[in-house]
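Down below is the structure, laid out as structure tokens.
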Amino acid sequence: MIILGIETSCDETAAALVDETGNAARPWHVRSSVVASQVEIHREWGGVVPELSARQHIRDVCGVVERALAEAGSPRFDAIAVTQGPGLVGSLLVGVSFAKSLAWARSVPLVAVHHLAGHIESLTLEGGEMPLPAIVLVVSGGHTSLYRIATPGSYELLGRTRDDAAGEAYDKVAKLLGLGYPGGPVIDRLAQTGNDRAIAFPKTRLTHADRNAPHLPGRRDFSFSGLKTSVLRHVNSRRTALGLPDGASLPDVELRDICASFQRVVVETLVDRLFDAAREHGARSVAIAGGVSANRRLREDAARRGVAREVGVFIPAIALSTDNAAMIAAAGLRAFRAGTRGTFDMNADAALRLAP
Ligand code: KG4
Ligand code: ZN
């Protein structure tokens, strides 16, 4: 069976064809995967502008799907998987409407996919089925969530960010340092030559005393907005100390130290939570998916911790970790084989939850 995946939840228009291998350990094979990134459009505004994103998806979606079909070498597909949510509602609507129309025109079934199920299934798409139970950290510009997978296709939420996503914190910190958008790759690069102990930025600790979100047993939530505020305070105080005007760039060496110190706190927080959850749940593997998993230090620290804890660590290649439609097709195949079918009255859902 071949499935066409369509993804338009944020600033990438993507289509892919994925088929089944017949091998239960490595169930899927990518025939083609096309991504049209809007990053150059949004860079000018310092972040994703929802209305521009939706309009660009309309311009790109036909061409991207046509290219995915052409690159697969055959225009045939047996079902369509589309991201239903979460994401920007105008952007999601483009993909959902397009997928419904094409499914109707071709008389093939439709499968609605949760964007994070896609990120999680990118792991199996790349590395084959993980030893279960597995703990998966999905960490991107829009999400920082920890899931337990006890059986294939079941995703139990263990915790998520209460404010900014980790990628969002990278993007906001890069913006306040004058480093442009998206911030993750540039902070990652500058951090390599900075001193990660130069500035003692605080790690947020969420406790029972937090009245905004009552503590649930076993929950492992994240919070990154306090860290972003500490970076802002540090930058402002350094500008004052150096007699620089508001918005002026700090000396290069200080920027590198800030990036390295910020990144150390983010990565230690993510890796600690991931491996604490793995120990608590007796996990046989841990995994990281989503755009931030491209981060060099996160990859290295997680791999090292995995060796020390004797637990397998799965992280997809960069092309599968940032937004793409092959992961949506893979999650669609998993759901289709479990009996899930979309209906033509299905709608985009910006706040869609991933059922346990
Ligand atoms: O998964 P993704 O492509 O889109 C979302 O669903 O958000 O992730 C994009 C996010 C951005 O916030 C970007 O700054 C971050 O991933 N990112 C990184 C790196 N590369 C991308 N963050 C840290 N280090 C990186 N190397
Ligand atoms: Zn994503």
Side-chain angles (χ1 to χ4, degrees), residues 4-17 30 32-71 80-99 101-102 113-116 118-119 122 138-143 164-175 178-189 289-295 316-329 348-352:
L4 168 66
I6 296 176
E7 154 65 35
T8 63
S9 67
C10 189
D11 59 344
E12 259 98 33
T13 317
L17 281 164
V30 181
S32 65
S33 180
V34 176
V35 180
S37 173
Q38 303 176 356
V39 73
E40 291 309 324
I41 294 167
H42 301 293
R43 196 188 301 280
E44 189 183 341
W45 306 96
V48 177
V49 184
E51 184 64 16
L52 293 181
S53 166
R55 285 166 191 238
Q56 195 60 34
H57 285 305
I58 293 173
R59 290 187 193 102
D60 286 342
V61 69
C62 287
V64 166
V65 170
E66 277 171 359
R67 228 177 100 190
L69 295 176
E71 286 183 11
I80 300 178
V82 63
T83 306
Q84 183 185 12
L88 304 171
V89 74
S91 302
L92 289 164
L93 267 170
V94 178
V96 167
S97 311
F98 186 91
S101 314
L102 189 57
V113 171
H114 190 287
H115 182 77
L116 297 191
H119 275 300
S122 72
V138 182
V139 67
S140 71
H143 308 275
D164 293 346
E168 190 180 357
Y170 268 95
D171 294 339
K172 287 179 175 170
V173 164
K175 191 169 183 177
L179 299 174
Y181 172 85
V186 57
I187 291 183
D188 190 4
R189 183 167 51 76
V292 180
S293 72
N295 187 269
I318 311 257
L320 277 181
S321 60
T322 52
D323 285 352
N324 66 86
M327 68 184 196
I328 302 303
D349 183 348
L352 187 67

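Note that these values count all heavy atoms, side chains included, but never hydrogens, waters or copies made by symmetry. Note that the structure is predicted; figures quoted are calculated from it, not measured.
In terms of the side-chain hydrogen bond (donor to acceptor under 3.5 Å, both in side chains) criterion, residue partners of N295 (sequence neighbours excluded) are, by chain and number, Y170, Q263. In this view, E71 and S32, V34, R67 satisfy the side-chain contact (heavy atoms from CB on, under 4.5 Å) rule, not counting sequence neighbours.
A donor-acceptor pair under 3.5 Å links the side-chain atoms of T8 to the main chain of S91, judged by distance alone. For the pair S33 (side chain) and A16 (backbone), a donor-acceptor distance under 3.5 Å is absent.
Using a 4.5 Å heavy-atom cutoff, the side chains of R189 and P185 are not in contact. No side-chain heavy atom of I58 sits under 4.5 Å from any side-chain heavy atom of F98.
Residues S53 and V48 come closest through the heavy atom pair CB-CG1, 4.3 Å. Scanning both residues, A165 and S140, for their nearest heavy atoms gives CB-O, 3.5 Å. Taking each heavy atom of D60 and A36 in turn, the nearest pair found is OD2-CB, 4.0 Å. Counting all heavy atoms, side chain and backbone alike, A174 lies closest to I187 at N-CD1, 3.8 Å. Residue D188 comes nearest to A294 through the heavy atom pair OD2-O, 4.0 Å, listed as atom of the first residue, atom of the second, then distance. The minimum heavy-atom distance linking P182 with R43 is given by the pair CD-NH1, 3.9 Å.
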Stepwise side-chain contact (heavy atoms from CB on, under 4.5 Å) test for L4 and L102: CA-CA 10 Å; L4 168 66; L102 189 57; 3.7 Å; yes
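S9 and T83 form no side-chain donor-acceptor contact under 3.5 Å, judged by distance and modelled atom types alone.
For the atom pair NZ (K172) and OH (Y181), the distance works out to 12.0 Å, reported to the nearest 0.5 Å. Rounding to the nearest 0.5 Å gives a distance of 10.0 Å between CD of Q56 and OG of S37. Note: D171 CG to L179 CG = 11.0 Å, rounded to the nearest 0.5 Å. Here NE2 of H143 is found 10.5 Å from CD of E168. Values are rounded to the nearest 0.5 Å. Interatomic distance, I6 CD1 to I328 CD1, rounded to the nearest 0.5 Å: 11.0 Å.
Of the residues listed (Q38, E7, R59), the one engaging T13 in a side-chain contact (heavy atoms from CB on, under 4.5 Å) is Q38, and it is the only one.
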Extract all donor-acceptor atom pairs below 3.5 Å that involve side chains of residues 317-324 and protein atoms in other chains or at least two apart in sequence.
unit_1	atom_1	unit_2	atom_2	d
S321	OG	I318	O	3.0
T322	OG1	I318	O	3.3
D323	OD1	H115	NE2	3.2
D323	OD1	H119	NE2	3.0
N324	OD1	A326	N	3.0
N324	OD1	M327	N	2.9
N324	ND2	L320	O	3.0
N324	ND2	T322	O	2.8

